[in-house]
Amino acid sequence: MNEDMEIHALAAKGQGERLVPFIYEKKPTKDDVTVRVLFRTVSMSDIFQIDNFWHSTTYPIVPSEDIIGEVVQTGENVRDLKVGDVVGIGYQVYSCGACDYCKKGLDQFCEKQRNLRVHEHGGLSDYMIVDGNFVFPIPKNLQKPEATPLFCAGLTAFSSIIHNGVTEEMSVAVVGIGRVGHLAVKFLRGMGCKVTAVTEDPKKQKYLASLGVTNRNVAKEHHSLEKSFDFIIFTGTRTVDWDMYLKMLKPTGKLILIGLPQKPLVFDAINLSDYANRQIIGSYIGSKDDMKQLIRFASKHNILADVEIFPYSESHMVIDMVRNNKIQYSAVITNSTS
Ligand SMILES: [Zn+2]
């Protein structure tokens, strides 16, 4: 117990490089849980990290920020978890527990937070050693590959929905129906909201209809959609006509940015103000309590992600597919070898 453990992973050792086998050692503390990884996602944010897009990557970098695994060892301070528990792990893996934010249950704003790929290696590995406070037990109906994207992509969507006053019967538009957007749609439908999707992908029409969602072509219909939505949840990264989107919000409506548009937002402030008091709001993961609430909500409403599942041996191919936008919603890598 509490000896250095050898962890076998796949890592990029330099900017944009192909992943190679990488072994690192980590010693679990009394607060840590050792988890055998069962499923993990690879997403575009992994590619951005591998490519040093945000100019913050330190190499080697092990990808993956949504993980499901099985507890194989617990430190002596860990109370709520035991060997054999199936658990989820997301982007944030540590907070100080003592600062004002942590005391208020806003641990995602802790200045001392540690996050996967930024401060700790991600989940494309055989094991992970993580602070037990950020390891979340999951019920039986979520113990499957399709639940993996809930723990980072899902948490970000869920927390922005529950903390901005979205309630049932509200009219919400989700812009961009990919990894995060399709989960936002499922959460909103689970809450009983009237959901409109904004996507230009004709292949997704049938899928959206099966979720009870209307799809609108805003480029053509924006005039008739003015003052239609209580919320617009934007999950894309492209620059759009922000004035057009602001006008589609009802008075006091909120434009929530989950995706990060790559260029500065340009809009006419009159569209925030006149007859409206609209808001534009940022979004950053969620707290530990949000994660627990998400797990209960997803379990109750049987909300899973749409995923494509690949064996560990095909990790390189998955990275290439994600990089080239060949994954429709989420890619999950299991431990099988073929
Ligand atoms: Zn703190």
Side-chain angles (χ1 to χ4, degrees), residues 2 5 7 24 26-35 37 40-41 43 45-46 48-49 54-58 61-69 71 73-82 85 87-123 125 127-138 149-165 180 256-260 279 281-298:
N2 294 347
M5 184 173 177
I7 294 177
Y24 68 95
K26 191 168 178 184
K27 182 187 275 192
T29 70
K30 291 174 180 178
D31 299 318
D32 284 341
V33 173
T34 307
V35 172
V37 179
R40 73 289 273 163
T41 66
S43 71
S45 48
D46 292 304
F48 284 147
Q49 286 283 359
W54 292 299
H55 307 290
S56 60
T57 306
T58 44
I61 172 191
V62 178
S64 185
E65 57 186 354
D66 301 281
I67 294 111
I68 288 179
V71 173
Q73 181 179 299
T74 58
E76 59 185 86
N77 292 345
V78 176
R79 297 274 171 267
D80 305 329
L81 294 161
K82 59 183 189 309
D85 283 350
V87 293
I89 300 168
Y91 177 66
Q92 187 179 1
V93 290
Y94 176 78
S95 67
C96 79
C99 70
D100 287 348
Y101 298 114
C102 285
K103 283 181 192 162
K104 288 180 190 158
L106 297 169
D107 24 272
Q108 74 272 38
F109 306 133
C110 176
E111 295 284 341
K112 292 181 179 163
Q113 68 185 271
R114 296 182 68 79
N115 303 318
L116 294 183
R117 299 177 319 208
V118 180
H119 313 98
E120 304 275 345
H121 291 309
S125 57
Y127 290 91
M128 295 189 77
I129 296 171
V130 174
D131 185 312
N133 290 312
F134 287 86
V135 174
F136 303 90
I138 55 178
L150 292 173
F151 298 99
C152 180
L155 176 65
T156 306
F158 187 74
S159 93
S160 71
I161 290 167
I162 61 172
H163 288 297
N164 284 306
V180 176
I256 302 174
L257 297 177
I258 297 183
L260 298 179
Q279 297 177 50
I281 292 178
S283 168
Y284 176 67
I285 52 173
S287 66
K288 297 197 295 279
D289 287 340
D290 294 343
M291 182 74 100
K292 290 171 190 166
Q293 196 177 332
L294 158 66
I295 291 167
R296 286 195 299 272
F297 185 86

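Counting starts at 1 for both ligands and their atoms, following the listed order. Residues take their numbers from the sequence shown, with the count starting at 1.
The distance cut-off of 2.8 Å around the Zn ion (ligand 1) captures these protein N, O or S atoms, sorted by chain and number: C96 SG, C99 SG, C102 SG, C110 SG.
The pair D46-R117 meets the salt-bridge criterion, with a side-chain N (NZ, NE, NH1 or NH2) lying under 4.0 Å from an Asp/Glu carboxylate O.
No more than 12 heavy atoms of other residues, nucleotides or ligands sit less than 6.0 Å from atom OH of Y101.
Taking K82 as the reference, D85 meet the side-chain hydrogen bond (donor to acceptor under 3.5 Å, both in side chains) condition, with sequence neighbours excluded.
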Quiz: residues 149-163 side-chain donor-acceptor pairs under 3.5 angstrom, not counting sequence neighbours:
from: T156; atom 1: OG1; to: C152; atom 2: O; distance (Å): 3.0
from: S159; atom 1: OG; to: I285; atom 2: O; distance (Å): 2.6
from: S160; atom 1: OG; to: T156; atom 2: O; distance (Å): 3.4
from: S160; atom 1: OG; to: A157; atom 2: O; distance (Å): 2.9
from: H163; atom 1: NE2; to: D290; atom 2: OD1; distance (Å): 2.7
from: H163; atom 1: NE2; to: D290; atom 2: OD2; distance (Å): 3.1

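Looking at S45 and E65, their side chains do bring a donor and an acceptor atom within 3.5 Å of each other.
Note on residues 106-115: pairs passing salt bridge (charged side-chain N to carboxylate O under 4.0 Å, His left out), not counting sequence neighbours, are D107-K288, R114-E120.
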